[in-house]
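What follows is a single structure, written as structure tokens, with notes after it.
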Amino acid sequence: MDNGAQYSESLARLRTRTIEQCLEAQRRTGRRLVFALDTALSLQGIELPRYRRGGLLADTLHAVIESNGVRTILQGICFVLWSGPQTHMPIHHGRLRCTDSVTTWAMQANRLEDEELVVLGDSMMRRDGHMKKATLEEFRIYVDSLSDLSNYSGSDRLRAVRGVSKMRRALRLMRENTDSSQETRSRIVLLRYGLPCPEVNYAIRLKGYSHVFFADMAYPDLKIIIEYDGRHHASRWLADSKRREALEDEG
């Protein structure tokens, strides 16, 4: 099993375990819970981000509330306040509900460093159709909606939620159709050192190959390709070497 398959299996196991935990929590209350933050990410099979200060409590589920007036105590559940617009989605045949990917991303803005907010956004827009949860335009529409106070719960809102400026900065760097978070982190390193943003998953047809090759990152005008080689590339060394030779032959 290659590294990508192992990673997908790991996400699937985490999703299954989280579903079981959420079902157990829902059985203990007559209140309809809407799961959020890392719990929502796990329920949707989205990779968890890296936190700046150790992250959220691993054994705690998170559910969203719209006002402190409806906060309650439920063992194993941390209720988080989010008064901004929310979209909820059904999980596990409608037996559970959680915030959708875009709402979850926005709720994470003040918990993540700028770079990790970009990484999280990219992870929701994967090239793999099974892992693609949103489009860049959907993120933009949502962030724009945060500036309209009429979209918030309650009528006494005086300002938008914190983190909108950070979300807009992240949007400028997020890209659709990436394959891994390490590719995104590598791309951000290039930007940090003053290079322009490369094209992601740039398609190339090589002589002698029947399929299209997708380069992780590329500067097509300069004929430069940049790839992130994870551990799984060790098992594909020969194939990668032959492909690299074909690329060099193409200039």
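On a predicted model such as this, the values are computed, not experimentally measured, just so you know.
Closest non-hydrogen pair, Met174 versus Gly121, comes out as CE-CA, 3.7 Å. For the residue pair Phe139 and Leu171, the shortest heavy atom distance occurs at CB-CD2, 3.5 Å. Contact detail for Ala160 and Leu149: the closest heavy-atom pair is N-CD2, 3.6 Å. For Leu120 against Ser123, the heavy-atom pair with the smallest separation is O-OG, 2.6 Å. Heavy atoms only, all atoms of each residue included: Ile77 and Ala63 are closest at CG2-CB, 4.1 Å. Nearest heavy atoms, Glu199 versus Pro220: OE2-CG, 3.5 Å.
Remark: Tyr219 pairs with no residue by the ring-ring contact (aromatic ring centres under 6.0 Å, His included) rule, at least two apart or across chains. With sequence neighbours excluded, no residue forms a salt bridge (charged side-chain N to carboxylate O under 4.0 Å, His left out) with Asp128.
For the atom pair NE2 of His62 and CG of Leu41, the computed distance is 11.0 Å after rounding to the nearest 0.5 Å. Thr184 contributes atom OG1, which lies 9.5 Å from atom CD of Glu115 (distance to the nearest 0.5 angstrom). Distance SG/Cys22 to NE2/His92: 10.5 Å, rounded to 0.5 Å. Remark: Met125 CE to Lys133 NZ distance equals 14.0 Å, nearest 0.5 Å. Between atom CG of residue Leu81 and atom CE of residue Met107 there is a gap of 8.5 Å, rounded to the nearest 0.5 Å. Interatomic distance, Gln26 CD to Leu96 CG, rounded to the nearest 0.5 Å: 7.0 Å.
Remark: the backbone N or O of Arg185 is not paired with any side-chain donor or acceptor of Tyr228 at under 3.5 angstrom. Between the side chain of Asn151 and the backbone N or O of Pro85 there is no donor-acceptor pair closer than 3.5 Å. Panel note: side chain Lys166, backbone Leu112; a donor-acceptor pair is recorded below 3.5 Å. With hydrogens and angles ignored, the 3.5 Å screen pairs a side-chain donor or acceptor of Arg28 with a backbone N or O of Gln75. The backbone N or O of Pro49 lies less than 3.5 Å from no partner atom in the side chain of Glu116, so there is not a single donor-acceptor pair. Using modelled atom types, one side-chain atom of Thr104 and one backbone atom of Thr99 make a donor-acceptor pair closer than 3.5 Å. Counting only distance, with no hydrogens or angles, the side chain of Arg15 and the backbone of Leu43 share a donor-acceptor pair below 3.5 Å. Formation of a donor-acceptor pair under 3.5 Å by the Ser83 side chain with backbone atoms of Tyr152 is not found in this model. Using a distance-only test at 3.5 Å, with no hydrogens or angles considered, no donor-acceptor pair links the side chain of Tyr142 to the main chain of Gln86.
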| Going through the distances and angles, do Arg111 and Val80 end up as a side-chain contact (heavy atoms from CB on, under 4.5 Å)? | CA-CA 12 Å; Arg111 295 172 170 84; Val80 292; 3.9 Å; yes
| request: Would you check, one step at a time, whether the test side chain to side chain donor-acceptor pair (under 3.5 Å) holds for Thr135 with Arg140? | output: CA-CA 9 Å; Thr135 65; Arg140 288 179 178 135; over 6 Å; no
| task | Could you walk me through whether Leu146 and Met167 pass side-chain contact (heavy atoms from CB on, under 4.5 Å), step by step? | result | CA-CA 10 Å; Leu146 292 175; Met167 294 178 213; 3.6 Å; yes
| task | May I have the step-by-step check of side-chain contact (heavy atoms from CB on, under 4.5 Å) for Ile204 and Ile225, ending in yes or no? | result | CA-CA 11 Å; Ile204 302 172; Ile225 287 173; 3.4 Å; yes
| Are Glu176 and Lys132 close enough, and set up right, to give a salt bridge (charged side-chain N to carboxylate O under 4.0 Å, His left out), and what steps lead you there? | CA-CA 9 Å; Glu176 294 187 62; Lys132 193 178 186 73; 3.1 Å; yes
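Looking at Thr39 and Ser42, their side chains never come closer than 4.5 Å, going by heavy atoms from C-beta outward. Between Ile226 and Tyr202 there is no side-chain heavy-atom pair separated by less than 4.5 Å. Contact annotation: the side chain of Met131 approaches that of Leu11 to within less than 4.5 Å [non-hydrogen atoms, C-beta and beyond]. Arg169 is not listed as a side-chain neighbour of Leu173, based on a closest heavy-atom distance of 4.5 Å or more. Side-chain contact between Arg32 and Arg97: present, with at least one pair of heavy atoms (C-beta onward) separated by less than 4.5 Å. At least one side-chain heavy atom of Arg175 sits under 4.5 Å from a side-chain heavy atom of Cys197. Using a 4.5 Å heavy-atom threshold, the side chains of Leu37 and Trp82 count as separate. When side chains are defined from C-beta on, Pro198 counts as touching Leu190, because their heavy atoms get closer than 4.5 Å.
Under the side chain to side chain donor-acceptor pair (under 3.5 Å) test applied with Arg127, the options Asp179, Thr178, Asn177 reduce to a single match, Asp179. Screening Thr60, Leu61, Thr16 against Gln21 for a side chain to side chain contact (heavy atoms under 4.5 Å, CB included) leaves a single residue, Leu61.
No single ILVMFWY cluster, assembled from side-chain heavy atoms under 4.5 Å apart, contains both Val118 and Val189. Both Leu222 and Leu195 sit in one connected hydrophobic cluster of ILVMFWY residues. Membership requires side-chain heavy atoms under 4.5 Å apart, directly or through other members. The hydrophobic cluster containing Leu136 does not contain Val200, counting ILVMFWY residues as joined when their side-chain heavy atoms lie under 4.5 angstrom apart, directly or transitively. Cluster annotation: Leu23 is connected to Phe35 through the hydrophobic network of ILVMFWY side chains, with a link wherever side-chain heavy atoms come within less than 4.5 Å. No chain of hydrophobic side-chain contacts below 4.5 Å, direct or via other Ile, Leu, Val, Met, Phe, Trp or Tyr residues, connects Met89 to Ile141.
With hydrogens and angles left out, the side-chain atoms of Asp38 and Gln108 include a donor and acceptor closer than 3.5 Å.
Shown here is Arg159, whose CZ atom has no more than 12 heavy atoms of other residues, nucleotides or ligands within 6.0 Å.
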